[in-house]
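Report on one structure; see the data block that follows.
Note that the structure is a prediction, hence the values are computed from the model and not measured. Quick note on labels: first sequence line is chain A, next is B, and so on, each numbered from 1.
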Protein chains: 2
Amino acid sequence: MTSATETPKPNLLELLWRAAPEAGRGPRKGLTVDAVVAAAVELADREGLEALTVRRLAQELGKAPMTLYTYVPGKTELVALMLDFLFISMERTEVGGRPWRERLAAVAQDNYALYRAHPWAAAASPSRPPLGPGQCAKYEHELQALEGLGLGDVEMDDVLAHLLGFVRIAAQDAAQADAERAASAMSDQEWWEANGPLLAKVLDPERFPTAVRVGQAAGEAHDAAYDADHAFAFGLERTLDGLAPLIER
Amino acid sequence: MTSATETPKPNLLELLWRAAPEAGRGPRKGLTVDAVVAAAVELADREGLEALTVRRLAQELGKAPMTLYTYVPGKTELVALMLDFLFISMERTEVGGRPWRERLAAVAQDNYALYRAHPWAAAASPSRPPLGPGQCAKYEHELQALEGLGLGDVEMDDVLAHLLGFVRIAAQDAAQADAERAASAMSDQEWWEANGPLLAKVLDPERFPTAVRVGQAAGEAHDAAYDADHAFAFGLERTLDGLAPLIER
DNA sequence: TTGTACTTAGTACGTCGTACGATGTACAAG
DNA sequence: CTTGTACATCGTACGACGTACTAAGTACAA
């Protein structure tokens, strides 16, 4: 055993809470973790999560790529920090004293707005994000919207997870629909010219009677293959309806 | 303009429906699209989606990497084919004549079972998969579970999308929880030794009273940070409760 | 003043998806 | 039967990626 200097390699939790031991010797740092994270969020917002590469981010910050590893141990940790960064500063509608349905709707809408503003976050966000300050503040605020409704503690957690899961999948689907529209160089017309004939042959109303009928009706109703905001509005009502028996019992 | 031979480059839809123009000249093909897709599914099942690389898949098939591009235009299309492959052969519980709640529960459970057996699929599956034969058969079957309940066509589509969205997010969360458990080299005990002190300091019951109380209760109730199957069971009941007012009106 | 812990940067490794070009095969046209 | 051509196959290579490693230089502690 040498008396080697253990480079303490900051833990993700320490990083999230900015509990790093505050360096002593050596040159001054030219950046902060926050600056790196903020720039990363801005880049991901602007050009999507797949454009967020270490090289690219370093370039925007005017540093060499490997320099970023002084601030963040790796890309996974960076994304976790980015998420918590969003959670810290997201809108939290105040709902004290309002009926439960409005309270939960506000929670859902705050989350949906967050994911719509930062589409990469919907895909990156796990159901149990690491316990950073943002996640904790968010959890606290959202649980308070569920206080006093006669739910047990475990039920409160179940209900919240259920509600937030709905919002996440709605936001994921919305983001993906947007991305597909943007990525497809084809106009709707071109697409139909290319694929219509085959589809007409293959979507046999005798083989798929219900599918053809319903699919057509849905497509015409939304004037598109998929209407994300409608799906969110519809799903939110259903989700709240589904919580009513538990809450109003 | 030369009279160049346009290599017709198979469309994704043509590929899904196996409507490729059936080559004429040249050496016999050593594989089929189905063989490639089946091997890819098996590899992804066995080692996860990130282990599914073109080189690796080619190796398992005894071919050179670039050879696969004769069968499939690219990796995105391969994943789409893999999904439709699952949809073709998935379990479809027969539910004719049963009450609506049982029917929808069966649809949800068939989907959940699919995603649990093929965890990569939950992440890869969009809300509107391309219209391959599997997706069509699936859509048809699932819509039939909604027939005769007094819903309009557009409502049937909305309801199904809502139900399937719930299943997808539940499966995603389950897969991710499993993956995290597997990836973390730490035991629970090691994790708490490493992170407990910081958490104790930072999870201040005065700052986050509800979060600390509820989080602890939920953690103890499930004996883990997250219990995916419980979340699915709970959420399914809530989701069906939420559809009741629409169906039983 | 000197030693040491640190930030920064350059280079490089192993991975990925896939473009390109050469080689050889088997059918179609002569 | 011969020959031309469309195609399957494969080796090589390119430009990305995350990041390990090393060297250089800086500013505080002793």
### Message
I need the CG-C1' distance between A/Leu61 and C/dT7, as an integer number of Å.
### Response
15 Å

### Pairs meeting criterion side chain to side chain donor-acceptor pair (under 3.5 Å) with involvement of residues 114-134 of chain A, two or more places apart
A/Asp45-A/His118, A/Asp45-A/Trp120, A/Tyr115-A/Ser125, A/Arg116-A/Asp178, A/Arg128-A/Asp157

Taking N or O atoms only and anything under 3.5 Å, show me the protein contacts with nucleotides 10-15 of chain D, one pair per line.
| from | atom 1 | to | atom 2 | distance (Å) |
| --- | --- | --- | --- | --- |
| D/dC10 | OP2 | B/Ala64 | N | 3.0 |
| D/dC10 | OP2 | B/Thr67 | OG1 | 2.8 |

### Task
Scan side-chain atoms only and decide if A/Gln176 and A/Gln172 contain a donor-acceptor pair under the 3.5 Å cut-off.
no

#### Entry: Integer-rounded Å distance: D/dA6 P and B/Lys29 NZ
17 Å

Close N or O pairs between protein and nucleotides 23-26 of chain C (under 3.5 Å):
| from | atom 1 | to | atom 2 | distance (Å) |
| --- | --- | --- | --- | --- |
| C/dA26 | O4' | B/Gly26 | O | 3.3 |

### Query
Taking atom C1' of D/dA20 as reference, at what distance in whole Å does atom CG of A/Leu68 sit?
15 Å

### Task
Among residues two or more places apart or on two chains, list those pairs meeting salt bridge (Lys or Arg N to Asp or Glu O under 4.0 Å) that have a residue in residues 50-66 of chain B.
B/Arg46-B/Glu60, B/Glu47-B/Arg56, B/Arg56-B/Glu60

### Query
Please give, in whole Å, the distance from D/dT19 P to A/Leu52 CG?
12 Å

### Query
Given atom NZ of A/Lys75 and atom C1' of C/dC16, what is their separation to the nearest angstrom?
13 Å

### Query
Can you tell me how far P of C/dG14 sits from CZ of B/Arg56, to the nearest Å?
19 Å

### Query
Would you say A/Tyr71 reaches C/dT8's phosphate, i.e. side-chain N/O to OP1/OP2 under 4.0 Å?
yes

### Task
Anything under 30° is parallel, anything over 60° is perpendicular, the rest tilted; go ahead and classify A/His162 against B/Phe234.
perpendicular

### B/Trp191 atom CH2, over 12 foreign heavy atoms within 6.0 Å
yes

### Task
Pull out every residue in residues 31-51 of chain A that has a heavy atom closer than 4.0 Å to any atom of DNA chain C, ordered by number, or say none.
none

### Task
Nearest whole angstrom, please: distance from the P of D/dG18 to the OH of A/Tyr69.
6 Å

### Query
Distance check: side-chain N/O of A/Thr53 vs OP1/OP2 of D/dC17, anything under 4.0 Å?
yes

#### Entry: Minimum heavy-atom distance B/Pro130-B/Leu16, with the two atoms named
CB-CD1, 3.8 Å

### Query
Between A/Arg168 and B/Asp173, does a side chain to side chain contact (heavy atoms under 4.5 Å, CB included) hold up when you go through it step by step?
CA-CA 11 Å; A/Arg168 259 185 301 130; B/Asp173 291 347; 3.0 Å; yes

### Task
Verify whether one side chain among B/Glu14 and A/Asn195 offers a donor that lies under 3.5 Å from an acceptor in the other.
no

### Message
So, taking the atom named CG in A/Leu13 and the one named CH2 in A/Trp17, what distance separates them when rounded to the nearest 0.5 Å?
### Response
9.0 Å

#### Entry: Modelled atom types, side-chain donor and acceptor of B/Glu91 and B/Gln109, under 3.5 Å
no

### Message
Filter on side chain to side chain donor-acceptor pair (under 3.5 Å), then keep only pairs touching residues 67-90 of chain A, sequence neighbours left out; what's left?
### Response
none

